[in-house]
Participant: 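So that we are looking at the same thing, I have put the structure below in C-alpha cells.
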Amino acid sequence: MKNLEIAWILEEIADLLELLDENPFKIRAYRRAARSIELLPEDIETVWRDGRLGRIEGVGKAIEEKVSQWLATGTMPFYEELKRRVPPGLLEVVRVPGVGPKVALALHRELGVAGLYDLERACREHRVRHVKGLGPRSEANILAGIERLRRQAARTPLGMAIPIAREMAAALETLPAVRRVAIAGSLRRGRETVRDVDLLVASPTPESVMEAFVRLPGVERVIARGDTKSSVILKVGLQADLRVVAQKEFPAALHHFTGSREHNVAMRELAHSLGLTISEYGVFRLAGGERLPISDEADVFRTLGLEYIPPELREDGSEIDAAREGRLPRLVEPGHIRGDLHVHSDWSDGVHSIARMAEEARRRGYEYVAITDHSRSLGIARGLTPERLEEQLEEIRRLNRRWDDFRILTGCEVDILRDGSLDFDDELLSRLDVVVASVHSGLNQDEETMTERIIRAMHNPHVDIIGHPTGRVLGRRDPYPVDMTRILEVAARTGTALEINGSPERLDLKDVHARWARDRGVMLCVNTDAHSADGLGNMAFGVTVARRAWLEPRDVLNCLPWPELRQRLKDGRR
Ligand code: DGT
Ligand code: CA
Ligand code: ZN
C-alpha cells in the first residue's frame, strides 16, 4: 500500500506551503488530507481505481487531482515546483521536534538558518534565544531535538519501504540486461525500519543497468554512480543503493548484502576456522584461493556446514551458533496461519460488512476469522453497545450457515478501562468465542499504573488476547510505558496470548518483545487489526515480526486448527 508514502508527501507539501507563507486554509487542507490517507483503512490504489478518492474525508478536487497524478505517473509537478522554491535544508529544520514551519521561517529570516548545521550552530552561539517567541529553553530543546532527529530521521518504516522497493525491483526486472534481481539489506531481514533500500542485480552489462536505475521515475537525485554500485535519493527522501554483480557471484553477494553486519562477521570467523574465506564475491579456500561452487544462497551456508538460515534470523550472530547446534527454529510461515483473530467490520470503525470480511478471509485460505469490533467506550470508533453486540452475534450465527469449511468467530476488542476493568460485563464476554482486550485511552498513565491495568485485564478469565500490547504507532506515538517482564510473567501464568499486531504502523509487540514472550512460554497471536478487506493482507508484516522473534507455528495461537483453538480458548477461561 502506498498510503503512508502519499500521506508523507502531502504532509511535506503542507510544510513547504507554510514555509512559503501560503494561505493557512490551503495548508490545513493538505494536513487534513494527509492524516485521513494515513489512517485510511483501505489501499489507496484500490480507492483510486474505483474512482472514490474524492470521497475520502478532507480530499477535495485539487488534492484528488494531485494524488491521482502521482499514482498514475509517479510524479507530482506541483510538489516538485514547491521543492524548488524552498532551500532543501529548511525542510529538515521543520522536522526538528519543537521547531515546525513558523519557527523555521523566523529562524531563516532573522538568522539565515538554511539547514540543520546552521541551526545547531545558532543554538550553540546563543543566537536563537533572541528570535521572537524563543528563549534559552528553546535552544536546549532544539539541540535535543536535532540529536533525536539525527538518530531516527534516517529510518523509514518497513511498511512504507517495501512497496517502493518492490516497484523498483519490478522495474529493473523488465530490463533485457538483467538476469536476476533481489531486495537485500535490512529490508530483506524484515527490520521494522530501514535506512535505505538495498537492491542487487545480476547482469553481464552493469553500465546499462546503472543507466536505467538512475532514471527510474521515483529518483530525485543521484548521489553516486559507479560501474558496480550506484546510490540515489528517492523523491520520498529514502535512499536506494543498487549493486550489480556477475551472475556467478550473485548468491554470495545476496548473502553478503543481506547482512546483518554482525551476521557477516560471525560467518567470516566460522569460515576462517574451516580454512575458508567468504566475501561478497564467493567462498574460497584460504590456501590457494580456489573458488568453491555456489549455485544458490543455501550453498553459502552448506559450505560452512550450516543449515539455511532465513534472513529474518540473521542479526547478532547467535543464529549461527543455533544453526551449528541444529537448534534453528522451524519458523512460522504465512501459510501456517489459519485465521485472523482481530478484525473490524462496519459495525464499528471498519469499512466493510462482516460478510465481506469473512469472504475475504476465506478467499485467503483461512479456516476462521474473528469479528472483534470496538466496545462502547471507544466513541470515536463507534464502539458497540451491549445491545448492538447481541445483534451482531445473531447476524454472525445467521451468516455462518453459508459455509461448512469456514466459520466466523464471535468476538470483540474490548477496551481496558483506566482502572483495568473491562468495558463489557463478564456475562456478555463469556458468550464470545474470542475476546481481545486493548488499551486505547489514558495513554499517559505511569508505568506502574499501566502495568497493573493490563495485568488486571489478563486476570479476567474471559480475556484471550491482549491487543497491540504497547500501543505504539510508528513515527507518531511512542509506546506507553509498561513493565514487559511482569506482563510476560503474568501472561505465562494466566495463559493469555499477546498479540503481534501486523498493521504496518503498529508492529506491536515488536520482534524483541515477542521473542522474550516465546522464551517465557507465552503464546503469541498474529493479527492484522484489519479495518477493511485489504487490511487482511497485512498478515505478512505480522508474520515477518513473528519470524524475527524465532516463532514456530506452535508458538502462535492462530496456527491452531479450529477444534484445538476452541479447546484452547476454553482452557484459557480461568
Ligand atoms: P540499514 O540500512 O541500517 O537499515 O541496515 P542494513 O543491514 O541494510 O545495512 P547497510 O545498508 O549498510 O548494508 C547492507 C548489508 O551489506 C549489511 O547488512 C551487511 C553488508 N555490509 C555493508 N557494509 C559492510 C561492511 O563494512 N562489513 C560487512 N561485514 N558487511 C557489510
Ligand atoms: Ca540497508
Ligand atoms: Zn485497537
Side-chain angles (χ1 to χ4, degrees), residues 39 41 151-158 160-162 164-165 168 182-200 229 231 234 238-243 245 252-272 277-281 311-317 320 341-344 348-350 370 372-375 377-378 380-383 411-416 423 435-441 443 454 457 465-473 477 480 499-503 505-506 508 527-531 535 548:
L39 297 176
R151 251 180 294 130
Q152 62 164 29
R155 304 201 69 87
T156 302
L158 185 68
M160 178 157 157
I162 279 190
I164 296 172
M168 295 182 85
I183 296 171
S186 49
L187 204 57
R188 180 159 183 244
R189 303 198 311 279
R191 276 194 64 176
E192 63 188 37
T193 61
V194 301
R195 190 181 50 85
D196 58 9
V197 171
D198 297 295
L199 294 164
L200 182 68
K229 181 185 167 180
S231 298
L234 302 175
L238 180 62
Q239 180 175 329
D241 291 356
L242 171 67
R243 289 185 176 79
V245 299
L254 178 58
H255 173 266
H256 179 85
F257 293 114
T258 297
S260 70
R261 231 164 277 243
E262 292 71 18
H263 169 87
N264 288 354
V265 169
M267 285 285 279
R268 197 168 313 141
E269 277 170 15
L270 175 60
H272 281 203
T277 174
I278 175 172
S279 72
E280 58 198 275
Y281 305 108
E312 295 91 335
L313 298 184
R314 302 180 200 166
E315 287 296 339
D316 61 6
I320 294 172
L341 297 182
H342 183 173
V343 166
H344 297 272
S348 68
D349 60 346
T372 55
D373 278 314
H374 290 288
S375 60
S377 287
L378 208 58
I380 48 161
R382 288 181 286 137
C412 72
E413 181 181 14
V414 65
D415 255 60
I416 304 176
D423 201 18
V435 175
V436 179
S438 312
V439 168
H440 292 114
S441 59
L443 303 176
I454 295 171
I465 300 164
I466 298 296
H468 42 74
T470 74
R472 72 168 178 178
V473 180
R477 193 166 72 209
Y480 42 67
E499 179 174 77
I500 294 176
N501 188 301
S503 150
E505 67 275 10
R506 288 193 182 272
D508 180 14
N527 293 327
T528 62
D529 199 353
H531 285 69
R548 289 180 58 80

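Predicted model, so just to flag it, every value in this text is computed and none were measured. Both counts, for ligands and for their atoms, begin at 1 and track the order of listing.
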Participant: For ligand 1, which atoms have a heavy atom of Ser260 less than 4.0 angstrom away?
Facilitator: 18 (O)
Participant: For Glu262 and Asn264, does a side-chain donor sit closer than 3.5 Å to a side-chain acceptor?
Facilitator: no
Participant: Backbone or side chain, does any N or O of Thr193 fall under 3.5 Å from an N or O of ligand 1?
Facilitator: no
Participant: Out of Gln239, Arg189, Arg261, whose heavy atom sits nearest atom 7 (O) of ligand 1?
Facilitator: Arg189
Participant: Once you restrict to heavy atoms under 4.0 Å, what part of Thr258 touches ligand 1? Side chain, backbone, both or neither.
Facilitator: backbone
Participant: Nearest protein heavy atom to atom 15 (C) of ligand 1, by residue and atom, and its distance?
Facilitator: Phe257 O, 3.3 Å
Participant: Kindly report the OE2-the Zn ion (ligand 3)-NE2 angle for Glu413 and His468 respectively, rounded to 10°.
Facilitator: 90°
Participant: Rounded at 0.5 Å granularity, tell me how far NE2 in His468 sits from OG in Ser503.
Facilitator: 9.0 Å
Participant: Measure the spacing between CD1 of Ile183 and CD1 of Ile162 and express it to the nearest 0.5 Å.
Facilitator: 7.5 Å
Participant: Could you verify whether a donor N or O on one side chain and an acceptor N or O on the other, from His440 and Glu413, lie under 3.5 Å apart?
Facilitator: yes
Participant: Based purely on interatomic distance, does Arg195 place a nitrogen or oxygen under 3.5 Å from a nitrogen or oxygen of ligand 1?
Facilitator: yes
Participant: Within less than 2.8 Å of the Zn ion (ligand 3), any N, O or S from His440?
Facilitator: yes
Participant: Tell me, which N, O or S atom in Asp198 is closest to the Ca ion (ligand 2)?
Facilitator: OD2
Participant: Before signing off on this row, confirm whether Asp196 and ligand 1 have an N or O atom pair separated by under 3.5 Å.
Facilitator: yes
Participant: Name the option, out of Ala184, Gly185, Ala161, Ser186, that contains the heavy atom nearest to atom 1 (P) of ligand 1.
Facilitator: Ser186
Participant: Can you list the atoms of ligand 1 that are under 4.0 Å from a heavy atom of Arg268?
Facilitator: 29 (N)
Participant: Between Asp241 and the Ca ion (ligand 2), is there a contact where an N/O/S atom of the residue lies under 3.0 Å from the metal?
Facilitator: no
Participant: Answer yes or no: is there an ion pair linking Arg472 with Glu192, defined by an N-O contact shorter than 4.0 Å?
Facilitator: yes
Participant: Under 3.5 Å, is there a donor-acceptor pair between the His344 and Asp529 side chains?
Facilitator: yes
Participant: Among all protein heavy atoms, pick out the one at the shortest distance from atom 21 (N) of ligand 1; state its residue, atom name and that distance to 0.1 Å.
Facilitator: His256 NE2, 4.0 Å
Participant: So Ser186 and Arg191, side-chain hydrogen bond (donor to acceptor under 3.5 Å, both in side chains) or not? Walk me through it.
Facilitator: CA-CA 6 Å; Ser186 49; Arg191 276 194 64 176; 5.8 Å; no
Participant: Could you please spell out the steps behind the side-chain hydrogen bond (donor to acceptor under 3.5 Å, both in side chains) verdict for Ser348 and Arg382?
Facilitator: CA-CA 5 Å; Ser348 68; Arg382 288 181 286 137; over 6 Å; no
Participant: Tell me which N, O or S atom from Asp196 is the closest to the Ca ion (ligand 2).
Facilitator: OD1
Participant: Quick one: CG on Asp196 to OG1 on Thr156, what's the gap to the nearest 0.5 Å?
Facilitator: 9.0 Å
Participant: Number the atoms of ligand 1 from 1 as they appear, then name those within less than 4.0 Å of a heavy atom of Val194, with their elements.
Facilitator: 4 (O)
Participant: Would you tell me whether Ser377 and Asp423 have side-chain atoms, one donor and one acceptor, within less than 3.5 Å of each other?
Facilitator: yes
Participant: Using a strict cut-off of 4.0 Å, indicate which atoms of ligand 1 neighbour a heavy atom of Gly259.
Facilitator: 17 (C), 18 (O), 19 (C)
Participant: Output the list of atoms in ligand 1 that are nearer than 4.0 Å to some heavy atom of Asp198, sorted by atom number.
Facilitator: 8 (O), 11 (O), 14 (C)
Participant: Considering only heavy atoms, does Arg155 approach ligand 1 within less than 4.0 Å through its side chain, its backbone, both, or neither?
Facilitator: side chain
Participant: How far is atom 30 (N) of ligand 1 from its nearest protein heavy atom, and which residue and atom is that?
Facilitator: Asn264 ND2, 3.4 Å
Participant: Using only heavy-atom distances, determine whether the side chains of His263 and Glu315 contain a donor-acceptor pair under 3.5 Å.
Facilitator: no
Participant: Nearest 0.5 Å please: distance from the CE atom of Met267 over to the NE2 atom of His256.
Facilitator: 12.0 Å
